Amino acid sequence: MKKHFFSGIQPSGRLHIGNYLGAIKQWIELQDEYEPVFGIVDYHAITAPYEPSEMSARILDAAAGYLAAGLDPDKSIIMIQSRVSEHTELAWILNCQTSMGRLSRIPTFKEKVRQNPGEVGMGLFDYPVLMAADILLYKSHIVPVGEDQVPHLEFTREIARKFNTTFGDTFPEPAEVLSTGAKVMGLDGENKMSKSLDNCIYLDDSDKDIQKKIATAKTDPARKRRDDSGNPDICNIYSYHKIFSTPEELEYCAEGCRSAGIGCVECKKILVAHLEETIAPLREKRNELLAKPDAITEILLAGSDRAQKIARETMAEVKSRIGLTFG
Ligand code: AQP
């Protein structure tokens with residue numbers, strides 16, 4: 001029997017290259033070795049303001065993105081979080097083992113408060129506990145995530161340790177698995193690429209969208225004219241080159257920038273070609289899949305049922321450990 005692990009993405013907007021490089025690309029590499037559970041984590045997506053009438057379409061869209069990128073429903077369990085109520089049930093039990101002080105110190109929470117000072121609900125505060133429940137429910141030993149999620153994994157290990165110490169050995173302490181695109185910066189060059197900040201190259205962007213976005217994206221702010229030399233180390237476009245370009249192109253762009261041998265326009269052109277090459281097949285496959293929404297729905301419902309079988313076993317063990325076994 002292959003081991004399981006859980007990872008997921010919120011249906012809080014269109015998938016972007018940060019989601020792809022930070023998470024999905026690694027998921028595909030791991031689906032032969034494990035039987036992973038990939039969630040569309042809709043309970044997480046309702047922790048920020050959203051439009052209820054759009055949620056089902058967003059879930060379908062996320063699933064089409066997963067499948068287009070290469071997730072295989074015969075190898076991986078692709079599921080919807082809210083269809084497996086054990087996620088929130090375990091979150092409640094873990095809540096009872098969590099201090100408010102610890103949650104308030106998690107950097108992602110502090111960042112969300114900074115971005116939306118008027119919108120701090122309990123759901124947002126409690127987000128890491130639900131995420132810990134998602135992971136521990138499937139007894140994950142590893143979790144492939146982007147760098148932004150590392151503090152949540154640290155918290156998950158702590159809560160697993162605390163539960164094990166208090167009630168007996170139940171959960172493994174999961175380790176994060178980071179990829180080369182572990183932190184993709186947004187087009188603004190200031191924040192990580194994020195659906196809610198709309199600073200993204202999306203996986204369904206057209207070639208034209210990509211060209212337009214990169215043409216207006218910030219570079220080294222000190223390089224004002226073509227003849228100025230620049231510093232690739234502080235250029236956001238160069239940070240994308242590091243992910244997408246060949247070593248020769250990297251050298252060419254870095255050297256050309258420092259010596260003013262090439263301008264930002266040429267440097268961006270090389271990047272655009274790579275982005276188009278990466279995104280076009282994903283976009284086309286996604287559109288094909290979305291033309292048959294019933295087939296996607298079937299995969300999601302079957303995946304949710306498979307996930308629930310595993311989740312129920314864990315919950316039976318958890319309830320027995322904590323003494324909720326009356327009758
Ligand atoms: N910019 C990024 N670079 C690398 N990895 C990233 N991930 C997200 N942004 C980047 C990884 O994608 C997975 C799913 O993330 P999520 O959608 O559940 O939540 P998020 O990290 O909060 O993503 P967004 O786009 O920033 O969503 P919003 O704006 O709704 O909060 C995770 O593994 C994450 O590391």
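Atoms considered below: every heavy atom in the structure, side chains included; atoms not considered: hydrogens, waters and symmetry mates. Whatever order the structure lists them in is the order used to number ligands and atoms, beginning at 1. Here the structure is a predicted model, which is why all the values come from computation and not from measurement.
Atom 14 (C) of ligand 1 has as its closest protein heavy atom Ile9 CG1, 3.4 Å. Atom 4 (C) of ligand 1 has as its closest protein heavy atom Ala182 O, 3.2 Å. The protein heavy atom nearest to atom 26 (O) of ligand 1 is Ser194 OG, 2.4 Å. Closest to atom 21 (O) of ligand 1 among all protein heavy atoms lies Asp148 OD2, 2.7 Å. From the protein, the heavy atom lying nearest to atom 5 (N) of ligand 1 is Gly18 O, 3.1 Å. Nearest to atom 9 (N) of ligand 1 among the protein's heavy atoms is Lys192 NZ, 3.2 Å.
Residue contacts with ligand 1, taken as heavy atom pairs separated by less than 4.0 Å, involve Met193 via backbone and side-chain atoms alike. For Val184, heavy-atom contacts with ligand 1 shorter than 4.0 Å involve the backbone as well as the side chain. Of all the heavy atoms of Ser196, the ones lying under 4.0 Å from any atom of ligand 1 are found in both the backbone and the side chain. Residue-level proximity to ligand 1 for Lys112 is carried by the side chain, the only part with a heavy atom below 4.0 angstrom. Contacts of Ser12 with ligand 1, taken as heavy-atom pairs under 4.0 Å, involve the side chain alone.
Put simply, part of His16 is less than 4.0 Å from ligand 1, judged by heavy atoms. At least one heavy atom of Asn19 sits closer than 4.0 Å to an atom of ligand 1. Contact analysis puts Gly8 in contact with ligand 1, with a non-hydrogen atom separation below 4.0 angstrom.
Between Glu89 and Lys319 there is a salt bridge, with a side-chain nitrogen of the basic residue lying less than 4.0 Å from a carboxylate oxygen of the acidic one. Salt bridge annotation for Lys139-Glu317: present, with a cationic side-chain nitrogen under 4.0 angstrom from a carboxylate oxygen. A salt bridge links Arg225 to Asp228: at least one charged side-chain nitrogen sits closer than 4.0 Å to a carboxylate oxygen.
Taking Ala133 as the reference, Leu90, Ala91, Leu94 meet the side chain to side chain contact (heavy atoms under 4.5 Å, CB included) condition, with sequence neighbours excluded. Checked against side chain to side chain contact (heavy atoms under 4.5 Å, CB included), Asp198 has the following partners two or more places apart in sequence or in another chain: Tyr202.
Aromatic ring orientation, Phe109 versus Phe125: perpendicular (interplanar angle above 60°, classes split at 30° and 60°).
Below 3.5 Å of separation, one finds an N or O of Gln149 facing an N or O of ligand 1. Residue Gln10 has at least one N or O atom closer than 3.5 Å to an N or O atom of ligand 1.
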Worksheet item: Taking it one step at a time, do Lys309 and Val84 satisfy side-chain contact (heavy atoms from CB on, under 4.5 Å)?
Response: CA-CA 9 Å; Lys309 283 205 182 87; Val84 180; over 6 Å; no
Item to complete: Begin with the C-alpha distance, continue with both residues' side-chain angles, and end with the deciding distance and a verdict on ring-ring contact (aromatic ring centres under 6.0 Å, His included) for Tyr127 and Phe155.
Response: CA-CA 11 Å; Tyr127 190 109; Phe155 171 75; over 10 Å; no
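Leu71 is listed as a side-chain neighbour of Ile78, based on a closest heavy-atom distance under 4.5 Å. With a 4.5 Å cut-off on side-chain heavy atoms, Leu178 and Val150 count as touching.
Checking Ala62, Pro11, Ala23 against atom 13 (C) of ligand 1, the nearest heavy atom belongs to Ala23. In the candidate list Gln26, Lys195, Glu147, Lys195 is nearest to atom 27 (O) of ligand 1, counting heavy atoms.
Close approach to Gly146 involves these atoms of ligand 1, each under 4.0 Å from a residue heavy atom: 5 (N), 33 (O), 34 (C), 35 (O).
The backbone N or O of Asp169 lies less than 3.5 Å from a partner atom in the side chain of Arg321, making a donor-acceptor pair.
With ring centers used as reference points, His141 lies 6.0 Å or more from Phe171.
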